[in-house]
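Below is one structure; the comments refer to it alone.
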Protein chains: 2
Amino acid sequence: MLFPMSRNPEEPVYNRIEEARAALGLSRQDLADKAGVHYQTIGYLEREEYSPSLVLAIRIAKSLNQEVSDLFSLSPFKKGK
Amino acid sequence: MLFPMSRNPEEPVYNRIEEARAALGLSRQDLADKAGVHYQTIGYLEREEYSPSLVLAIRIAKSLNQEVSDLFSLSPFKKGK
DNA sequence: GCCTAATGTTGCATTAATACTACATAGCAT
DNA sequence: ATGCTATGTAGTATTAATGCAACATTAGGC
């Protein structure tokens, strides 16, 4: 299995896209449409198979009514919130 | 002249890296070292020739003691601050 | 003047991020 | 059971983001 995110091998980006999306009752396709990307791209991000571009991160945050720093972090999120 | 940022042709990312860096008295090389990238990369970003990955944006913001949203924006910054 | 540091410019190589297609699977209706 | 929706998995193709090297330019200090 090939495996991206290797230009920054030890610095993945964690995110809370799935939780925030579920909280709004959106499907991946819904979110992808709002953010203007392919729905598979949302899947890759939620599974943290790679980390987004800054433009995309901003668009997703906006689509989910969140701050970029609340959605994405270099350190893992605590569960619950 | 070839020209990136064309996958999102009408959505560039504006930034205040140069101002924030100058305010700390850092050279591009200094900032590049702190952020762990090539010094030319900082130049490209300051000239807004392309927009960074999210990881890099976070690292740069951290190196400059700024919030990502204070450094980068989809809409142009007012001058002065 | 010369030297150095900081920045700009150009060009090339590599790769991660993204788009897209196809198929599998699981759940939930009806 | 059949259908539909959401999601996962796998593969290919394109390109923007990054690294890097070489050289030009500009500003300051001596």
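It should be emphasised that the depicted structure is a prediction, and the values quoted were computed from it without experimental measurement. Residue numbering restarts at 1 for every chain, and letters A, B, ... go by the order of the sequence lines.
Between the B:Glu48 side chain and the B:Pro12 main chain, no donor and acceptor come within less than 3.5 Å of each other. In this structure, the side chain of B:Ser73 does not engage the main chain of B:Pro76 through any donor-acceptor pair within 3.5 Å. A donor-acceptor pair is defined here as one N or O able to donate and one able to accept, closer than 3.5 Å; no such pair exists between the side chain of B:Thr41 and the backbone of B:Val37. Formation of a donor-acceptor pair under 3.5 Å by the A:Arg21 side chain with backbone atoms of A:Leu26 is found in this model.
Put simply, B:Arg21 has a side-chain N or O that comes within less than 4.0 Å of OP1 or OP2 on C:dT7. Within the 4.0 Å cut-off from OP1 or OP2 of D:dT18, not a single side-chain nitrogen or oxygen of B:Thr41 is found. Using a 4.0 Å cut-off, no side-chain N or O of B:His38 falls inside it from OP1 or OP2 of D:dT18. The side chain of A:Ser53 places an N or O atom within less than 4.0 Å of a non-bridging phosphate oxygen (OP1 or OP2) of C:dT18.
Aromatic ring centres of B:Tyr14 and B:Phe77: separated by at least 6.0 Å.
C:dA17 atom P lies 13 Å from atom CG of A:Asn15, rounded to whole Å. Between A:Glu46 atom CD and D:dT7 atom P there is a gap of 7 Å when expressed in whole angstrom units. One can place CD1 of B:Ile42 at 15 Å from C1' of D:dC20, the figure rounded to the nearest angstrom. Atoms OH (B:Tyr39) and P (D:dC20) sit 12 Å apart, rounded to a whole Å. Atom CZ in B:Arg47 sits roughly 18 Å away from atom P in D:dA16 (whole-Å rounding). Taking atom CD1 on A:Ile60 and atom P on C:dA17, their separation rounds to 13 Å, with Å as the unit. Rounding to whole angstrom units, CG of residue A:Leu45 and C1' of D:dT7 are separated by 15 Å. When rounded to the nearest whole Å, the span between CG of A:Leu54 and C1' of C:dA16 equals 16 Å.
Set against D:dT9, D:dT18, C:dT18, the side chain of A:Val37 has C:dT18 as its closest nucleotide. Candidate nucleotides D:dC20, C:dA17, C:dT21 were compared by shortest atom distance to the side chain of B:Gln40, and D:dC20 ranks first. For B:Tyr44, whose side chain is taken as the heavy atoms from C-beta onward, the closest listed nucleotide among D:dA22, C:dG11, C:dA6 is C:dG11.
A:Gln29 contributes no side-chain N or O that forms a donor-acceptor pair with the base of D:dT5 under 3.5 Å.
Each of A:Pro52 and B:Glu18 lies near DNA chain C, and the nucleotide nearest B:Glu18 is the one positioned closer to the 5' end.
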